[in-house]
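I have placed the structure first, in the form of structure tokens, so that the comments after it can refer back to it.
These values consider heavy atoms only, across backbone and side chains, with no hydrogens, waters or symmetry-generated copies.
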Number of protein chains: 2
Amino acid sequence: MSRPTMDTVAERAGVSRALVSLVMNDSPKVSDAKRTAVLQAAAALGYLPNLHARSLAQQRTKTFGIIINDIHNPFFAEVVSGIEAAADEHGFSVLILNGGRDPGRERRAVETHLQFQVEALILVGTRLDDDELEQASRVAPTVIVASGPDHPGVDTITANDTIGAALAVDHLVALGHTDIVHLDGGDNISSRPRAAGFARAMRAAGLEPRVVRAGDGEADAEAAVVQLVEEEAVPTAIFAFNDLLAAGVLDVLESAGLRVPDDVSVVGYDNTFIAQLNHMSLTAVDQPRRKMGELAVQTMLERIEDNRTKPTNLDLAPTLAVRGSTGPPRHDGTTR
Amino acid sequence: MSRPTMDTVAERAGVSRALVSLVMNDSPKVSDAKRTAVLQAAAALGYLPNLHARSLAQQRTKTFGIIINDIHNPFFAEVVSGIEAAADEHGFSVLILNGGRDPGRERRAVETHLQFQVEALILVGTRLDDDELEQASRVAPTVIVASGPDHPGVDTITANDTIGAALAVDHLVALGHTDIVHLDGGDNISSRPRAAGFARAMRAAGLEPRVVRAGDGEADAEAAVVQLVEEEAVPTAIFAFNDLLAAGVLDVLESAGLRVPDDVSVVGYDNTFIAQLNHMSLTAVDQPRRKMGELAVQTMLERIEDNRTKPTNLDLAPTLAVRGSTGPPRHDGTTR
DNA sequence: GGTAACAATTGGAGCGCTCTAACGCAATGG
DNA sequence: CCATTGCGTTAGAGCGCTCCAATTGTTACC
């Protein structure tokens, strides 16, 4: 008692398999009588079309493959929402695979998606290098949602990190800070451009940039901040790679007996709901996540339907959400 | 210039298509010479097997379909990690679809998965009713990861809500609280059993349970708490349906000028990283999420490979993580 | 009444793969 | 020297669907 196929439905409705196919793809050239007969038979049998067979016959899947770099990070959730909404609107399905912040896993995820014949790849954050990206993009159009260096042939949707970092730095400088440390994102693809933006904004303000390697998870804050504390090199302000890291920073600072923002100001990046919680009240750079997801879909559609060939690199402008984790530095210039 | 197929590879390697198939499924009965020839040809052409064709021919997909009720909720992320790890170990792939906390979308997600011929459905949280669940489970074995009423024919992996609620209530009672309100999960599938567990634990302690309808997102706290404040019915302790809701509760209490835990103690559920952040420091019931994901896979494998037919209902024991959001009530018994 | 035009329906090839049965060929043994 | 075994290989049918070309049925027009 396996699942009913088109032939089962056809037989029950007393028509040919081709006619059932026409009904399933609601073609206009089917008589009402036969249409209802087919639909009834299908419903009675609980018939569901086999997508594998359809894809094979049709030579297309109308499906996008999404790979999320880190399913734990709320930043990605909203990008995915944007992608899903836009894809849905254009009759595309969306398959999600988890990169797990691990290049090996992500590589396998790409391969799985390609084997599934997805029509485009949307990488929401990525850990892959240029070669791998280029290779993937030769098989299916690929777009990266996240900032990072431009890749040949690969489309990108970014929110400008230079502007974002400048927003954070200028805000802190305006409050009177001069000793600002950036905790970078480690292996994250956006780590470099964001750190570069920070350095540039600092120099523009006549200040010396200090960057400490960290990572893109809340756990990555520990080592970096503890080191600063032990070296007695705690600055008056910390600009963290993202909200998760910033949340970790708040934790560690608190454990070390430092108060935010009295002793240290903290700025996050992404403005996820973590930053928005009153209890966190984290000043953070905001990226238009949903919009970025929507644009990713649009970009891929241009490749697929209008066969655009030159790469697109859309760069959106971030904004700053000011909250309670930033304030003027202590007058004596120390952190204690 | 479309993608190479098995025939392309076969021709280039000077063998038959069947031989290529054998190599791809690394059959032992292929000579080393031909094997390397095929692998070389495949690599040179960038050949990737077409999963649709394979699924069709093989009449199986080795794939699980996951539906996440709310991709924003960090609780689910870890369950998914557990599922992925266990599935991977058994050579199964995992397809993730987002239910978006909306029954309609979830229904379509189920249908999509079934059309993809997934061999089992894993619903991580669900908004579907008994009928729909039963219907799905007739097409493919289905397991629900989340507490809720038992469903006929549907397997469930739960962490016992009665115990969980009792842990929370007993903790609060031990601190001296007598006026405890539960904010329930609204439409969430686990809403009822958790509320029931609360009521039971309260009565066992000789107290009258008060339950206020809320929801399972941080935004759902607003209306419920504001109402309590306006009615001057703020209890000395609030037991929230989950961490997200608890986070919202902390927000609203703070805006209302109430201090946690001095004026009101708050307990969450799930013990996600939100609860663990020092800044939130939320006392919360902990469910063994990863384990639950692993067990879900195991349960489905028993159905598929060992064709078990009687439903499994695994119920794990939650624990309580005590943190800073709970403390003894004020002596005067008021909240201010 | 014959033919053209159109609408509704169907047969059948083919999408890329797997899998069974059969085949060729060397090695083995009587 | 021929039958037997077994290994490595292949031909070909079939998985469930789509889509083109062909067929039938109906109406319109001269």
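- Under 4.0 angstrom from either OP1 or OP2 of D:dT18 there lies at least one side-chain N or O belonging to A:S21.
- Taking the side chain as every heavy atom from C-beta outward, A:N73 and A:D216 never approach each other to under 4.5 Å.
- The closest side-chain heavy-atom distance from B:V9 to B:V38 is below 4.5 Å.
- By the ring pair (Phe, Tyr, Trp, His ring centres under 6.0 Å) test, A:H72 pairs with no residue at all, sequence neighbours left out.
- For A:D7 and D:dC17, the CG to P distance is 8 Å, given to the nearest whole Å.
- For the pair A:Q58 CD and D:dC15 C1', the interatomic distance rounds to 17 Å; values are reported in whole Å.
- DNA chain C lies under 4.0 Å from at least one heavy atom of each of the following residues of residues 32-57 of chain A: A:K34, A:L56, A:A57.
- In this structure a side-chain-to-backbone donor-acceptor pair under 3.5 Å is missing from A:R127 to A:R107.
- B:R289 contributes no side-chain N or O that, together with a main-chain N or O of B:A77, makes up a donor-acceptor pair within less than 3.5 Å.
- Residue A:S16 has a polar side-chain atom (N or O) positioned under 4.0 Å from OP1 or OP2 of C:dT10.
- In this structure, A:L19 atom CG and D:dG16 atom P are separated by 20 Å, rounded to whole Å.
- A donor-acceptor contact shorter than 3.5 Å is absent between the side chain of A:S191 and the backbone of A:D187.
- Distances shown here put a side-chain N or O of B:Q59 below 4.0 Å from the OP1 or OP2 atom of D:dG16.
- If you take CG of A:L22 and C1' of D:dC17, they are 12 Å apart, rounded to a whole angstrom.
- Ring geometry for A:F116 against B:F116 counts as perpendicular: the plane angle is over 60°, on a 0 to 90° scale with 30° as the lower cut.
- Residue B:R3 contributes atom CZ, which lies 10 Å from atom P of C:dC17 at whole-angstrom precision.
- Regarding B:Q115, its CD atom lies at a distance of 13 Å from the C1' atom of D:dG16, rounded to whole Å.
- Look at NZ on A:K29: it is 18 Å from P on D:dT24, rounded to the nearest Å.
- Between B:S31 and D:dC7, a side-chain N or O to OP1/OP2 separation shorter than 4.0 Å is absent.
- On a pure distance criterion of 3.5 Å, a polar donor-acceptor pair joins the side chain of A:R17 and the base of D:dT18.
- Rounded to whole Å, the distance from NZ on B:K62 to C1' on C:dT18 is 15 Å.
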